[in-house]
Structure formats: C-alpha cells, structure tokens
Participant: 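Sharing a structure with you now.
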There are 2 protein chains.
Amino acid sequence: MVEHKKSCLLCNNKSECFKQLTDNELVFANSNRAEISYRKGEMIAKQGNFYTHILYLQSGMVKVYKELPDSSNLILSIFGVGSLIGLPFLFKNQILDYSVAALEDTTICAIDRHAFEKLIHENGEFAAEVVNQLNYCTLYNYDRLVSLTHKQLNGRFADTLLYLSRVVYKANPFILTLSRKDLAEYTGVSVMSVIRAIKDFKNDGIIDINGNKIEILNFNQLERISKTG
Amino acid sequence: MVEHKKSCLLCNNKSECFKQLTDNELVFANSNRAEISYRKGEMIAKQGNFYTHILYLQSGMVKVYKELPDSSNLILSIFGVGSLIGLPFLFKNQILDYSVAALEDTTICAIDRHAFEKLIHENGEFAAEVVNQLNYCTLYNYDRLVSLTHKQLNGRFADTLLYLSRVVYKANPFILTLSRKDLAEYTGVSVMSVIRAIKDFKNDGIIDINGNKIEILNFNQLERISKTG
DNA sequence: TTAAAATGATGATTTATGTCATCAAACTTG
DNA sequence: CAAGTTTGATGACATAAATCATCATTTTAA
C-alpha cells in the first residue's frame, strides 16, 4: 500500500486544475478527500451506483467502460497517472453511467463531488482548466466515433495500438497490461478479430510481440492502415 | 433576414450560461458579437479553418459533422435553438476539426472565442454552466459510441428516430428537414440501409411516413428495437 | 420550361467480421 | 503440486450490411 499524502497542500503530484487553487481552497479540497488503493482487476466504481466522488489517479491505470445489456462491454477510455475520472457527471446525474476498474495496481484520491462543484463555481481559473480537460475528452471521443464507425478491423486496431503507445503507455516497446478481451472491448470488435489483427500485423513486420511486450516496428505503415482502414 | 438584436443585455433569448453574467459582462460579450443568417444548406463553418468564434443558435437547426478522407461524412450532432457550438475547441486547437452546416434557415450569434474564454476565467458561475453543457455532450457521445458500435442497423436507426423526435424536433409527428443522406451519415450506415429500415419500420406499423412528415406510432417497440438491436 | 442534378427507391452480389467449436497454454487456488 | 479456470489461438461457417447497377422522382438552375 502507498503511504497516504499528508495534504493536498503539500502534494507535488497535483492535476493541472488543482494547481490553480489557492492554499485555502487546497485545504478545503483536502478535507473532502480520501486515498484508496486497488489491486489489478479490482472494480473501482460500478455503473448504476450513486455518483459521489471525482477520482484522481495517483498511480496505476484504469479502464472506464460501459456494461451493455448483452453483457458485453465497451471500453470508453483508458486513463493513466494524473487523470481525473468522473468529470462528465458533474452538475448531472446522481447515477454513474459507466464502470471503472483497475488495469494495474492503482491508487486514487476520491474527492467529494459537491466540494469539486463548489470549487468550479468559486474559481474560474480552476473551472477553465476543468473545461480544458473535458475538451480533450470530447475531441478524443469524436475521433473515436470516426474510428469505430468508418474504419474496419485493421484500421481500428491500428488506432488502438497507436493510442496505447502514444497516449496510454507513452513508450514504444511497451508492456501490455490489457488482455485480448480488453483490446477487443476497446477496439469494438470480437476477441477473434483482435487475435487475427495481431497475427497479420506481426506477419507483415509492422509490430513485434513477445509475451506481453509489444513493439511497433513501422509507425508509418500503421498510420497508413489507420487512414485507409 | 432576422432583425438584429440591439444588445446581449436586452436579449431575452439567452443561453443558460449567459444568464449567469453580470450586466458589465453582458456588455463586454455584446461588443465581441456578430449576428449572421444562413440559408438552408449553407455551410456555417468549415473543417480545417481557423477556430475563432463560439456560435450561439438564435433560430434554425444545424448539423455538426466530420469530413472524412474517403469523402464521406459522419454527423456528430444536430443542434437546435439555444445551443452553443464550438465549445470543445475552447483553450485548444486553433483549427476547427469539424464542419457546421445549416439544415434549415438559421441565425447565429458569433462570439469571439477569446472573449468567451475570458468570461470563463473570470466568472465561475458562467464556467460551471459551460461545464454543464459540455457534459451533456460527453454523456450523449458515450451513448452514441454504444449505439454505433454495439447495435445493428435497426437498433441504430431506432436510436436516430427517437433522438430526432425527443431531442431535435421535440415533437411527435415531425417534419423531417434531414435528407436520407443526412440520416445515413448520422446513423453511420449507407443510404441504402436507411431506406430499407424506413420501409421495414413502416411495414411493421412502427412509424408512418408521408413526404417529409414522420410519425412514431409505437414508441415502446422502437425502444425495444433500440435495446435489442 | 426544359435540362441537369440531386435525392429516393429496389434487387442482386460480395465481403468483412462475428459466432461456434476446439484446443493449447498459462495462471489460480485449494 | 495438481485440478480447474481463465486466456490465447486457429479454422469452418453464417450473416449483416456494404457496394453496384438501375431507375423513378423531385429539386435546382439555365
């Protein structure tokens, strides 16, 4: 277990928007905060539950996903260190409309939603940074809509690999902590198709894969597949 | 052409967030505002252009869509009176990443993006309302991702019809101002498939269609198709 | 007012990708 | 450490929906 931070005031691991707060506001935030650790695979928040806290990712990695009526899932997003989770429900629903689960051992700060909403109301600089974060999300979702509706298997999986390398792991040979099922649920295809795409890309020398280690060998071709796929 | 409003201060047609502004701030907003009218079919903003203004929809209806490399389109959203368009690019790109076109004769207020950003920074109440609007968008996009990736033709088109009746036209027999092509680009399927879905739904007595007038006869069954489809 | 262009409709064919069945390998867990 | 469970892989088959070809109808523009 990670040692708990003494206070938001002393935290040198703040998300962008918390950097905009005054000392008083940080003390206020701290008094509405809890720090929790999860093991890989554990569920952090469950779709259908009450929405009570914004989650800040101190360490680890999580998936945010919709649980669908046919008991399949759609992974909406994968978040790494420094992300705020749950922003879209601010000023809204009492009910959480997606689930969050740990892809690796993960520590989060849970901040009371009403405290967070109060900070937005009272501090425009903080609010502006929240808008900024939300907008990353929105533009990313638009690109996903394009990818998932207008590209076929290889193009979509190329997008997934590029996203993993550039955004999620921020590395090129990277250690995959997602299962094939996760990859399928993110790419919006069947597990079968993911496996086939991996085999194809490996055969074509676009990627190399050894156990959990994936290396993208030919970014250009992957980009090309993403565009034409 | 619509008569131009004298000032934001006197406007009784304000969007939610502008209701949060002080008189001074409204005067400031007004001094950074232009009012423009478009004919049905006209392009209001072009993907790839510089992003300079937030658009407020005074009257009419617009589509916001991505122009894709294969020269097909994906309609991201359809906006009616009272909507703010362009929020996702605040604090971001200089470049607009989607296009906006009028589906009916339309009048918009164009507000300088920097003026808008200044208002967010300086007024937390205004910012909170902007966050609120953005979050509608985000949650809606999540539902769309589910609809477009995990439902097939009939389910997706059922979603489209429900969205048109409940959100866009807010009426049940409604006059369709979208072409079959628009419907296809919104539903993410081919024009052919839209036509077939309309025929099927009509044959099954779920909808009635006469020229441009569509009536949903059986909401329950449409909901059922949306869920199972 | 006619010509041209865009939109709407129908049926036949093709194809991408999902489902199913089966098996191998690798973790869990008692 | 062995039994059971999850995860990864492969091939055969089924199917939803796209593409293509064709034609009717409406709208736009000369």
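Note on naming: letters A, B, ... go to the chains in the order of the sequence lines (proteins, then strands), and numbering restarts at 1 for each one. The figures here come from the full heavy-atom set of this structure, side chains too, leaving out hydrogens, waters and symmetry mates.
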Participant: Base, sugar-phosphate, or nothing: which does A/Leu153 touch, judged by heavy atoms less than 4.0 Å apart?
Facilitator: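 Here A/Leu153 touches the backbone only, sparing every base.
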Participant: State whether the side chain of A/Thr107 and the backbone N or O of A/Gln58 hold a donor-acceptor pair below 3.5 Å, judged by distance alone.
Facilitator: no
Participant: Expressed as a whole number of angstroms, how long is the span from A/Gln152:CD to C/dG18:C1'?
Facilitator: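 For the pair A/Gln152 CD and C/dG18 C1', the rounded distance is 14 Å.
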Participant: Would you list the pairs meeting ring-ring contact (aromatic ring centres under 6.0 Å, His included) in which at least one residue belongs to residues 161-189 of chain A, sequence neighbours left out?
Facilitator: A/Tyr140-A/Tyr163, A/Tyr163-A/Tyr186, A/Tyr169-A/Phe174
Participant: Calculate the interatomic distance between B/Lys181 atom NZ and D/dT19 atom P; express it in whole Å.
Facilitator: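 After rounding, the gap between these two atoms is 13 Å.
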Participant: Can you sort out the partners of A/Lys213 under side-chain contact (heavy atoms from CB on, under 4.5 Å), two or more places apart, ordered by chain and number?
Facilitator: A/Pro173, A/Ile175
Participant: May I ask you to evaluate whether A/Arg196 reaches the phosphate of D/dA9, defined as a side-chain N or O under 4.0 Å from OP1 or OP2?
Facilitator: no
Participant: Got more than 12 heavy atoms from elsewhere within 6.0 Å of NZ, B/Lys181?
Facilitator: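 Open: at most 12 neighbouring heavy atoms sit under 6.0 Å from NZ of B/Lys181.
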Participant: A/Ser226: which residues meet the side chain to side chain donor-acceptor pair (under 3.5 Å) condition with it, sequence neighbours left out?
Facilitator: A/Lys151, A/Asp159
Participant: Do NZ/NE/NH1/NH2 and the carboxylate oxygens of B/Lys66 and B/Asp97 come within less than 4.0 Å?
Facilitator: yes
Participant: Testing the 3.5 Å rule here: is there a donor-acceptor pair between the side chains of B/Asn30 and B/Arg33?
Facilitator: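 Yes, a side-chain donor-acceptor pair sits under 3.5 Å.
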Participant: Which nucleotide wins on minimum distance to the side chain of B/Ser179, given the candidates D/dT10, D/dA18, C/dT7?
Facilitator: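 Of the candidates, C/dT7 comes closest.
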Participant: Using atom CZ of A/Phe157 as one end and atom P of C/dA16 as the other, report the distance to the nearest whole Å.
Facilitator: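 For the pair A/Phe157 CZ and C/dA16 P, the rounded distance is 19 Å.
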Participant: Atom CD1 of B/Ile198 to atom P of C/dA9: distance rounded to whole Å?
Facilitator: 6 Å
Participant: Write down the distance between CD1 (A/Ile195) and C1' (D/dG8), rounded to a whole number of angstrom.
Facilitator: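 Atom-to-atom, A/Ile195 to D/dG8, this comes out as 5 Å.
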Participant: Name the closest nucleotide to the A/Val189 side chain, picking from C/dG18, D/dA17, D/dG11.
Facilitator: C/dG18
Participant: With sequence neighbours excluded, what pairs up with B/Asp182 under the side-chain contact (heavy atoms from CB on, under 4.5 Å) test?
Facilitator: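 Scan of B/Asp182 (side-chain contact (heavy atoms from CB on, under 4.5 Å), adjacent residues dropped) gives B/Lys63, B/Ile75, B/Leu103, B/Leu178, B/Ser179, B/Glu185.
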Participant: Take the protein atom CG of B/Asn210 and the nucleotide atom P of C/dG8, then report the distance between them rounded to whole Å.
Facilitator: 15 Å
Participant: Output the rounded distance in Å from NZ (B/Lys199) to P (D/dA17).
Facilitator: 15 Å
Participant: What's the CD-P distance between A/Glu185 and D/dG8, to the nearest Å?
Facilitator: 12 Å
Participant: Going 5' to 3' through nucleotides 19-30 of chain C, assign each nucleotide B (protein heavy atom under 4.0 Å from a base atom), S (under 4.0 Å only from sugar-phosphate atoms) or - (no protein heavy atom that close).
Facilitator: BB----------
Participant: For A/Asn132 and A/Glu16, does a side-chain donor sit closer than 3.5 Å to a side-chain acceptor?
Facilitator: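 No, because no side-chain N or O of A/Asn132 sits under 3.5 Å from a partner of the opposite role on A/Glu16.
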Participant: Just report the end-to-end axis angle for the helix from C/dT1-D/dA30 to C/dG30-D/dC1, five pairs per end, to 10 degrees.
Facilitator: 50°
